[in-house]
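Each remark here refers to the structure printed beneath this line.
A quick note: this is a predicted structure, and the numbers were derived from the prediction, not measured.
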Amino acid sequence: MADGVRSMDGAGTGGGRRSRATTGVLVAATVAAGLMAGTFYVFACAVMPALARSDDRVYVDVMRDVNDVIQNPVFLLVFMAAPVLAGVAAWRLRGSPGRRWAWAGAVAAVAAFLVTVACNVPLNDGLAGAGDPAVLRERFEDPWVAWNVVRTLLSSAALTCLSAAAVTRARAGRAGDFPPPA
């Protein structure tokens with residue numbers, strides 16, 4: 001452009017600080033997406049298959065304990081931050097290389113968050129109620145496992161897309177499109 005600014009993320013004349021901030025948000029979004037994908041993946045590959053071997057009472061008690069302890073500041077910070085950071089990264093990359101990947105990552109992160117809130121959490125709440133463990137498990141196990149697979153795939157897609165945005169951005173910086181991220 002005539003004014004020397006080459007991208008909307010602040011790269012170009014005088015925009016190095018803003019470019020570094022954009023890179024920082026993109027890295028934080030990618031890490032948060034990876035943490036969420038890993039959390040859901042562990043449930044899909046280890047926790048739920050192990051619990052499937054348990055009797056109904058143990059299954060319900062352990063899932064209630066998991067649902068209780070997972071509501072902690074560290075988990076909730078990452079859980080809430082993942083879609084927000086992905087959205088902020090996508091917004092900051094508007095007009096820049098990697099923006100489409102970042103937007104796809106943001107959409108996937110928001111979708112994973114919504115699946116959790118709309119599907120998994122209500123199932124968790126239902127399991128918390130009183131009742132026969134066999135009946136509670138019957139209502140909970142198959143739908144929860146299925147929705148967990150969906151959010152695992154969505155979180156993994158978010159991680160992949162945000163990583164692709166970072167790689168695209170870095171390659172463009174090496175090609176001279178804008179200063180490389182610092």
Side-chain angles (χ1 to χ4, degrees), residues 1 5-12 14-45 47-48 67 70-125 143-182:
M1 296 172 118
V5 176
R6 289 182 236 146
S7 74
M8 297 203 48
D9 76 344
R17 192 174 309 142
R18 183 154 183 213
S19 180
R20 285 189 296 277
T22 298
T23 299
V25 171
L26 179 57
V27 168
T30 305
V31 169
L35 289 169
M36 293 314 306
T39 299
F40 298 148
Y41 180 77
V42 166
F43 272 91
C45 292
V47 174
M48 299 314 287
N67 293 335
I70 204 160
Q71 295 180 49
N72 66 72
V74 174
F75 174 80
L76 291 174
L77 174 66
V78 175
F79 176 68
M80 302 292 241
V84 172
L85 287 168
V88 171
W91 179 78
R92 289 188 64 96
L93 284 170
R94 65 198 184 281
S96 298
R99 71 187 172 279
R100 289 185 180 102
W101 284 116
W103 280 113
V107 168
V110 168
F113 177 86
L114 292 175
V115 165
T116 301
V117 171
C119 302
N120 293 92
V121 170
L123 289 165
N124 292 345
D125 292 344
W144 195 95
V145 167
W147 285 116
N148 186 62
V149 169
V150 171
R151 68 187 182 167
T152 302
L153 294 172
L154 288 167
S155 294
S156 298
L159 172 61
T160 301
C161 291
L162 292 166
S163 296
V167 168
T168 301
R169 181 172 162 77
R171 285 183 179 158
R174 280 194 292 266
D177 289 350
F178 64 91

Under 3.5 Å donor-acceptor, Asn67 side chain and Asp125 backbone:
no
I'd like to know if the side chain of Arg94 and the backbone of Trp91 have a donor-acceptor N/O pair within less than 3.5 Å.
yes
[atom2] on [Y] to [atom1] on [X], rounded to 0.5 Å:
| X | Y | atom1 | atom2 | answer |
| --- | --- | --- | --- | --- |
| Phe75 | Ile70 | CZ | CD1 | 4.0 Å |
| Thr23 | Arg92 | OG1 | CZ | 9.0 Å |
| Leu159 | Tyr41 | CG | OH | 13.0 Å |
| Ser19 | Leu93 | OG | CG | 9.0 Å |

Minimum heavy-atom separation for [X] and [Y], please, with both atom names.
| X | Y | value |
| --- | --- | --- |
| Thr152 | Phe40 | OG1-CB, 3.1 Å |
| Ala158 | Ala109 | CB-N, 3.7 Å |
| Val74 | Asn72 | N-OD1, 3.0 Å |
| Ala112 | Ser155 | CB-OG, 3.4 Å |
| Leu162 | Ala29 | CD1-O, 3.6 Å |
| Leu85 | Ala32 | CD1-CB, 4.4 Å |

For the residue pair [X] and [Y], establish whether any side-chain heavy-atom pair is separated by less than 4.5 Å.
| X | Y | result |
| --- | --- | --- |
| Met80 | Phe113 | yes |
| Trp101 | Arg169 | no |
| Thr116 | Met36 | no |
| Phe79 | Thr39 | no |

Should we say atom CH2 of Trp144 is surrounded by more than 12 heavy atoms from elsewhere, each under 6.0 Å from it?
yes
Show your working on side chain to side chain contact (heavy atoms under 4.5 Å, CB included) between Thr22 and Leu26 and close with a plain yes or no.
CA-CA 6 Å; Thr22 298; Leu26 179 57; 5.5 Å; no
Cation-pi check, Arg99 to Trp103: give yes when NZ or CZ is under 6.0 Å from the six-membered ring centre and within 45° of the ring axis, no otherwise.
no
